[in-house]
Every structure is written in structure tokens, then in C-alpha cells.
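Quick one: the structure is below, and I'll ask about it shortly.
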Amino acid sequence: MSLPDAPATHRNREPILRWLERYLRESSTVLEIGSGTGQHAVHFARYLPHVTWIPTELSANLSKVEAWRQQSGLANLLESLALDVCQPWPEGLAVDHIFTANTTHIMPSEAVERLFQGAGRQLPDKGYLFLYGPFKYDGQFTSASNAAFDLQLKQRADHQGIRDIEQLIAWAGDAGMSLVADHAMPANNQFVVFQRMQ
Ligand SMILES: C[S@@+](CC[C@H](N)C(=O)[O-])C[C@H]1O[C@@H](n2cnc3c(N)ncnc32)[C@H](O)[C@@H]1O
């Protein structure tokens, strides 16, 4: 049986991995939100063997992640969990950092705020929240292609759209996190790093 494929993951997984390996030097546990097909989870768990990776998705989408996880046979890639950022998060999670890719423009903005609130509750002091995706700065898109992508998202669903980085920084601050880095990535994306500060 062929596994579900998200073509963009083939292009962006290596540039993302380059940053993750710089921040994740020590043994740690990372919770991923909105794992999609699970292809990122497999790639990062494979090339960061000192990291325990916990993929999560909306319950309706978990079977995709599980198909990739089971095929990988990776011991440091744990069984995926159902996690909707707008619902109570799974109990008893012990995680050091949180990663999410290409989710903030898909979720409604209230859900993005909930993501930040949940991350603030979940992360220990100094824990990172890594966000990968396109963002707006000073209300401006970083490229014409991102402006076109935003239009396409809004035509598909009113609640979707590329978020303002300033709004994300404000929500992070409300949840006890500070922006520590914002790295430009290929194809007008960003790798944004927040850190939980007590
Ligand atoms: C564009 S996909 C990105 C998937 C994957 N991270 C990637 O980069 O290929 C957005 C994902 O966000 C998930 N998502 C949407 N709303 C969510 C919510 N409220 N809580 C958690 N995940 C959500 C969707 O199920 C979807 O898999």
C-alpha cells in the first residue's frame, strides 16, 4: 500500500533539520503539532537519534501519521497522539520542546492563539517552540508568491491566512514565551524560535 505523500516535505525537511540540529544538541523530547502525513516526524526522528519525537494530529488524520511511523521502525518516534490545540491537550505529557510546521495559516487565528497558550503551559523553563512556515511582517507579505498563497487560502476557507509575526509574538508573550530567533528559509518561509522563560 502506498503511503500518503506531502511533496513539500521533500523540499523543506532538510533546511528545517539543519536548524533543529543546531537547537537540539542534547537528548530531549519534542512534541509535534499538526504532523500532517508524519513525513517530517520520520525524517527528524531518523536524523536526530538523540531526540524522542512525539507526532500529533487531529484524530481524523492520525492514521496517516501512524502508517509512516510504523513503516519507519524508528524506536525514538513514539506512537502518534490525538491533539487538537482547541481541546484539552493529552494528560501527562512530558516534553522539552514543541515543533509545528505549516499549521498557523491553516488553523483559524483563535486556534493559533490556543496553540501558544497550550505551548506556554506545556513547555518547561527554557523549552523551545519552533514554528516553520510563511509569515507577514509589518502587515506585508515577504514575497508576491506568499501574497498569492494567502489569497488562495482565503478563497478556500475564510479562516485561513498567513499570520502577522507581531501577533504571534504578542500571543507568545502572553503565554510566557519570548522570540529568540527568526531564520529566513527557502521559498519565503521562516523558521521562528520562541523560548519559555519563567
Ligand atoms: C498544511 S498541514 C501541515 C502538515 C505538516 N506539518 C507539514 O508541514 O507537512 C496543516 C495541519 O494542521 C492540522 N491542524 C489543523 N487544525 C488543527 C488543530 N486545531 N489542532 C491541531 N492540528 C491542526 C491539520 O490537520 C493539518 O495536518
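Counting starts at 1 for both ligands and their atoms, in listed order. Nothing fancy with the numbering, it's 1 onward along the sequence.
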CD1 of Ile169 to CG of Asp174: how many Å apart, nearest 0.5 Å?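 That separation rounds to 12.0 Å.
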Can you give each donor-acceptor pair under 3.5 Å made by side-chain atoms of residues 35-43, sequence neighbours left out, with the distance rounded to 0.1 Å?
residue, atom, partner, partner atom, Å
Ser35, OG, Glu32, OE1, 3.1
Ser35, OG, Thr56, N, 3.1
Ser35, OG, Thr56, O, 3.1
Thr37, OG1, Gln39, N, 3.3
Thr37, OG1, Gln39, OE1, 2.6
Gln39, OE1, Ala6, N, 2.8
Gln39, NE2, Asp5, OD1, 2.6
His40, NE2, Asn12, OD1, 2.7
His43, NE2, Glu14, OE2, 2.7

Check ligand 1 for N or O atoms under 3.5 Å from a protein N or O and list each pair with its distance.
residue, atom, partner, partner atom, Å
ligand 1, 6 (N), Gly34, O, 2.7
ligand 1, 6 (N), Ala101, O, 2.8
ligand 1, 8 (O), Ala101, O, 3.4
ligand 1, 8 (O), Asn102, ND2, 3.4
ligand 1, 19 (N), Asp84, OD1, 3.0
ligand 1, 20 (N), Val85, N, 3.0
ligand 1, 25 (O), Glu57, OE1, 2.8
ligand 1, 25 (O), Glu57, OE2, 3.4
ligand 1, 25 (O), Asn61, ND2, 3.0
ligand 1, 27 (O), Glu57, OE2, 2.4

Indicate whether the side chain of Asn188 and that of Ser143 have a donor and an acceptor atom separated by less than 3.5 Å.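 Distance-only check passes for Asn188 and Ser143.
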According to the interplanar angle, ranging from 0 to 90°, do the rings of Trp19 and His183 count as parallel (below 30°), tilted (30 to 60°) or perpendicular (above 60°)?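 Rings of Trp19 and His183: parallel, under 30°.
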Of all pairs that satisfy salt bridge (charged side-chain N to carboxylate O under 4.0 Å, His left out), the ones with a partner from residues 106-131, not counting sequence neighbours: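 Not a single pair qualifies under salt bridge (charged side-chain N to carboxylate O under 4.0 Å, His left out).
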Phe149: what forms a ring pair (Phe, Tyr, Trp, His ring centres under 6.0 Å) with it, not counting sequence neighbours?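 Here the qualifying residues are His105.
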